[in-house]
Amino acid sequence: MVSDSEDTPLLASTTNEVIYDRFAPRQKRWIVFLVSFAGLLPMFVHATFVPSIPQIAKDLDSTHAVVSLTVSLSVLASAISALVWATYSSFYGRRSMYMWGVPFLFFGSCGVAMAASLKSLLFWRFVQAFGCSGALALGAGVIGDIYKLEERGTAIGVFFGATLLGFAIAPLLGGTAAQYWSWRNLHYSLAAWGLLELLLIYVSFPETSHPGTLGIDKITHKRWIHITWVNPLSSLWLLRSPNLFAVTLASTLMLFTDYVLLVPLAYTIGVRYGITNEAIIGACFLPNGLGNLIGAPVAGRLSDIVVRKWREKRKGVWFPEDRLRATWIGGLVMVPLSIGASGLITTYVGGPVGLCLNLLCLFTNGVGVHFVFNPIGSYNVDVARSRSAETTAASAAVRSLIISAATSLIIPSIENIGVAWTNVIAAILAIIGQGLILLTIRYGDRMRASVDVGFSIAENNS
């Protein structure tokens, strides 16, 4: 049964596809590869660090808890970074922000590798994270620039799948480096990666922003070096829109289940099944990454199919919230069941059978989270295409701050009420998140009308 608001013609469809034909299909694929390559780097910067904490603490004559402060600091840097680079990309362009961000990453990585004290480590870790963490928001903005509405979900799915694969591979590499190599050499390697990225962007990455839409294009008297102050916090004001805030909170609750499974993995699966080798513990992250890799492109393609189906049903009328209908199987089935089952299996099923079932749950969760996360990411680009990077950055910043605070409660919760109940609570939160998506689908037109932050219309988003 479909509500009246869902059948109400919202936006008439017209064709405006010329702007998306500026780049040939092969060049578009290369651009997606470049932004995915850039988006993969922050995942490695963040996820390779955690397995190295014991080695870093030993080298700097500190404690695990104190060195762990760098994790919270890097989350803060990521939130600030996404807002800064996304906001300025709407003024100076996507390409410029990639070019400006990589040097921060390079010098930050070298600084981390050479750190001789905790203060030095904290400072350079902030610089490192600040330099690379805008890549996800910028990448989403680039894809919104070059792909039309009914192709966008597939492209964003490939982008998210490629980048978030690093979330699973990186702990394995970080654990292996900590066990058999050196955490300092690892960060020198990240610096070299940044130089390669800078070279590729300089040589082969074009500006993708639509002609005439950048702030710098509207200035008649430009200086040779034109520096303009743009408030990076202005992006957060986009979330005053009820629908954008609702889907941001929903994606946060879904993504939090990943953290509930992965952050305490050594403390839960590792202890329960007697795994002590850091490299093997890192390998246990792989099923989740494989789920990301498979789930993201499939979810993107599915959301595009859903958009086309409902657009045809309405005889060409575009309703942005239709894309969110692709989230059901992930939000109501795969995510809550996988995390709830993992808690129960860890508590009651021992031996190789229990370990294998847990790895299956990690894979299912990786697929399910992206069945929700990807359509929401595409929806954010759809409804605010002209400010897609800023919308993505604002959502990412809020999501990072909420998750960074909530993550600190995971291990204490496991210690006090057990892994089963902790995971059940996370499953309930995921179902609540899916409820927010349902409300957005049903009342999306009213939510957008209540606070208009410059939403896209069919004429500029076909």
Side-chain angles (χ1 to χ4, degrees), residues 39 42-43 46-47 50 71-72 74-75 78-79 82 133 135-137 139-140 156-157 159-161 163-168 170-171 239 244-265 285 287-289 291-296 299-300 303 324 326-327 329-340 342 361-380 391-410 422-423 425-437 440:
M43 295 299 170
H46 294 298
V50 175
V71 176
S72 298
S74 65
V75 170
S78 299
S133 296
L136 288 178
I156 286 183
F159 169 63
F160 280 157
T163 55
L164 294 181
L165 175 63
F167 190 69
L239 297 186
L244 291 179
F245 182 77
V247 296
T248 295
L249 185 55
S251 66
T252 302
L253 294 175
M254 292 294 174
L255 191 60
F256 180 60
T257 64
D258 254 357
Y259 284 79
V260 171
L261 287 174
L262 298 177
V263 169
L265 193 140
F285 286 75
N288 187 265
N292 291 339
L293 182 64
I294 294 174
S303 72
L324 300 178
T327 63
I329 187 172
L332 277 184
V333 180
M334 301 178 78
V335 171
L337 287 183
S338 62
I339 189 168
S342 178
C361 288
L362 287 170
F363 171 79
T364 304
N365 185 262
V367 174
V369 165
H370 274 281
F371 266 64
V372 179
F373 196 82
N374 181 280
I376 287 177
S378 300
Y379 172 77
N380 286 339
T391 306
T392 303
S395 298
V398 171
R399 190 163 52 242
S400 295
L401 293 175
I402 294 174
I403 288 179
S404 65
T407 299
S408 64
L409 303 176
I410 295 173
T422 298
N423 285 24
I425 291 171
I428 293 171
L429 291 175
I431 293 172
I432 292 172
Q434 188 62 39
L436 292 174
I437 296 174
T440 306

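Hydrogens, waters and symmetry mates play no part in the numbers below; they use all other heavy atoms, side chains included.
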Which value, rounded to the nearest 0.5 Å, describes the distance between [X] atom [atom1] and [Y] atom [atom2]?
X	Y	atom1	atom2	answer
I402	L255	CD1	CG	11.0 Å
N380	L244	CG	CG	5.5 Å
N288	N292	CG	CG	5.0 Å
D258	N365	CG	CG	4.5 Å
S251	I403	OG	CD1	8.0 Å
L324	Q434	CG	CD	9.0 Å

Quiz item: For T440 and Y379, what are the C-alpha separation, side-chain angles and deciding distance, and is it a side chain to side chain contact (heavy atoms under 4.5 Å, CB included)?
Solution: CA-CA 11 Å; T440 306; Y379 172 77; 4.1 Å; yes

Self-check item: Test side chain to side chain contact (heavy atoms under 4.5 Å, CB included) applied to L261 and S342, step by step
Solution: CA-CA 8 Å; L261 287 174; S342 178; 3.5 Å; yes

Shortest non-hydrogen contact from [X] toward [Y]:
X	Y	result
T257	A426	CG2-O, 3.8 Å
A326	P375	CB-CG, 4.2 Å
A406	F256	CB-CE1, 3.5 Å
S395	L239	OG-CD2, 4.1 Å
A296	N374	O-ND2, 3.5 Å

Quiz item: Would F373 and R399 satisfy side chain to side chain contact (heavy atoms under 4.5 Å, CB included), going step by step from the backbone distance to the final call?
Solution: CA-CA 12 Å; F373 196 82; R399 190 163 52 242; 3.6 Å; yes

Quiz item: Can you check side chain to side chain contact (heavy atoms under 4.5 Å, CB included) on I437 and I376, steps first, answer last?
Solution: CA-CA 9 Å; I437 296 174; I376 287 177; 3.8 Å; yes

Self-check item: Side-chain donor-acceptor pair present, S338, T364, cut-off under 3.5 Å
Solution: no

Exercise. Please say whether more than 12 non-hydrogen atoms of neighbouring residues, nucleotides or ligands are located less than 6.0 Å from CD1 in I329.
Key: no

Exercise. Check the surroundings of atom CZ in F363: do more than 12 heavy atoms from other residues, nucleotides or ligands lie under 6.0 Å from it?
Key: yes

